[in-house]
Protein chains: 2
Amino acid sequence: MEKINKLIKSFRDKGLKITPQRLAIFKILENNNSHPSAEQIYHNLKRGYPTISLATVYKTLEILEEMGEVKLLKINYDRKRYDPDCSPHHHLICVGCRKIVDIFEDYSNALKVPSQIKDEFTITDFRVEFFGLCKKCKNKRKFKEK
Amino acid sequence: MEKINKLIKSFRDKGLKITPQRLAIFKILENNNSHPSAEQIYHNLKRGYPTISLATVYKTLEILEEMGEVKLLKINYDRKRYDPDCSPHHHLICVGCRKIVDIFEDYSNALKVPSQIKDEFTITDFRVEFFGLCKKCKNKRKFKEK
DNA sequence: TTGAGTGCAAAAGCTTTGCATTCGT
DNA sequence: ACGAATGCAAAGCTTTTGCACTCAA
């Protein structure tokens, strides 16, 4: 996320307004590495804005996401997807049609984790997900909604 | 997923019964690399079992998941999580308390994609997710539900 | 026979939407 | 002043649950 001043400018440039609620959301997100949910942000805001609604939080986050100012840590598979192949492999997701293809490559030696983190965590598994566009979707204008 | 015969045995060994519906689900999943959703499986089954219910599909898939016979391609973050840090980095998720920590490592040169896939897709992004347990959770018996 | 599974409908949980009111510019 | 944002409540969707009935073993 950009610095708040820049963010404010980006919003205004788009004709979006800066409200106290939005500003408060910006501040909560600034230098925040706790990967909060909308609910958590909402909770935090309640102190200063007892009347704020979850809907407002979601709406603002949606704008930030569209602007590329926050990243969603949950992939827009519309719903749960099940993979009967439990051998170690990874996936490439077409962000256009949501097709998922398997990638059978062993990355286990390629992915070094900082030793500081290794000390704190016991890592049991990992997954790599690639995102892109298949040929068909590359030639489309519009992708699936959502 | 194991071969169907083995799967049947695993189910019976656990006191779980083999019903036509379950068998049909097994068959749909066998050698299936389309990463289907419960809905899609349900849809497929409708032909042969017009009365089958989505609930049955979900329930069977849950068992398969618990048995490690299928893998879920959607992470159990309980809800959306937002990351204001859009610089390229990756995540480690503690499967006990769901804490998410950042991993700042550049894996872009480490992750080779089969050329056959590179021909078919334009890859725009990727993410690496590690799973494990933090020290606290390692010493716990029970983790967060779900 | 009997405990497990099915299928229906209802509930649950997260997220989005509609709308009247309020507010930023 | 006027379009945008807010906050509430309702709706939407996916997934789960409860329960009477049915069925596999």
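Note that the coordinates shown come from a computational prediction; the quantities given were computed from them, not determined experimentally. Numbers restart at 1 for each chain; the letters A, B, ... are given by sequence-line order, proteins then strands.
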Inset, instruction - Can you tell me the distance, in whole Å, between the NZ atom of A:Lys80 and the C1' atom of C:dG13? - result: 12 Å
Inset, instruction - Verify the contact: side-chain N or O of A:Thr19 to OP1 or OP2 of C:dC23, cut-off strictly under 4.0 Å; return yes or no. - result: no
Inset, instruction - Choose from C:dT6, C:dA4, C:dT15 the nucleotide whose nearest atom is closest to any side-chain atom of B:Thr60. - result: C:dT6
Inset, instruction - Ignoring backbone atoms, establish whether A:Lys17 has a side-chain N or O less than 4.0 Å from OP1 or OP2 of D:dC2. - result: no
Inset, instruction - Measure from the ring center of A:His91 to the ring center of A:Phe131 and say whether it is less than 6.0 Å. - result: no
Legend entry - Length of the CD-C1' vector between B:Gln40 and D:dT14, whole Å: 14 Å
Legend entry - Among D:dG18, C:dG18, D:dT16, the nucleotide that comes nearest once only the side chain of B:Lys59 is considered: D:dG18
Inset, instruction - Check step by step if side-chain contact (heavy atoms from CB on, under 4.5 Å) holds for B:Tyr107 and B:His90. - result: CA-CA 9 Å; B:Tyr107 298 130; B:His90 304 280; 3.4 Å; yes
Inset, instruction - Quickly work out the B:Tyr42 OH to D:dT15 P distance and round it to whole Å. - result: 14 Å
Inset, instruction - Examine C:dA4: is either OP1 or OP2 under 4.0 Å from a nitrogen or oxygen in the side chain of B:Arg22? Give yes or no. - result: no
Inset, instruction - Tell me which of A:Ala55 and A:Ile18 sits closer to the 5' end of DNA chain D, going by the nucleotide each one is nearest to. - result: A:Ile18
Inset, instruction - Return the 5'-most residue of the pair B:Phe11, A:Ser37 with respect to DNA chain C, ranking by each residue's nearest nucleotide. - result: B:Phe11
Inset, instruction - May I ask you to evaluate whether B:Ser53 reaches the phosphate of C:dT6, defined as a side-chain N or O under 4.0 Å from OP1 or OP2? - result: no
Legend entry - Between D:dT15 (C1') and A:Arg81 (CZ): distance, integer Å: 16 Å
Legend entry - Aromatic ring proximity B:Phe26/B:Phe11, centre distance under 6.0 Å: yes
Inset, instruction - Return the 5'-most residue of the pair A:Ile52, B:Pro20 with respect to DNA chain D, ranking by each residue's nearest nucleotide. - result: A:Ile52
Inset, instruction - Verify the contact: side-chain N or O of A:Gln21 to OP1 or OP2 of D:dG7, cut-off strictly under 4.0 Å; return yes or no. - result: yes
Inset, instruction - Considering only NZ, NE, NH1 and NH2 on the basic side and carboxylate oxygens on the acidic side, decide whether A:Glu129 and A:Arg127 come within less than 4.0 Å. - result: yes
Inset, instruction - Calculate the interatomic distance between A:Tyr82 atom OH and D:dT14 atom C1'; express it in whole Å. - result: 10 Å
Inset, instruction - Could you walk me through whether A:Phe121 and B:Val101 pass the side-chain contact (heavy atoms from CB on, under 4.5 Å) test, one step at a time? - result: CA-CA 10 Å; A:Phe121 292 85; B:Val101 305; 3.8 Å; yes
Legend entry - Between P of D:dA5 and CG of A:Leu64, the distance in whole Å: 12 Å
Legend entry - Protein-nucleotide distance (B:Arg12, atom CZ; D:dA24, atom C1'), rounded to Å: 8 Å
Inset, instruction - Take the protein atom CG of A:Leu61 and the nucleotide atom C1' of D:dT6, then report the distance between them rounded to whole Å. - result: 15 Å
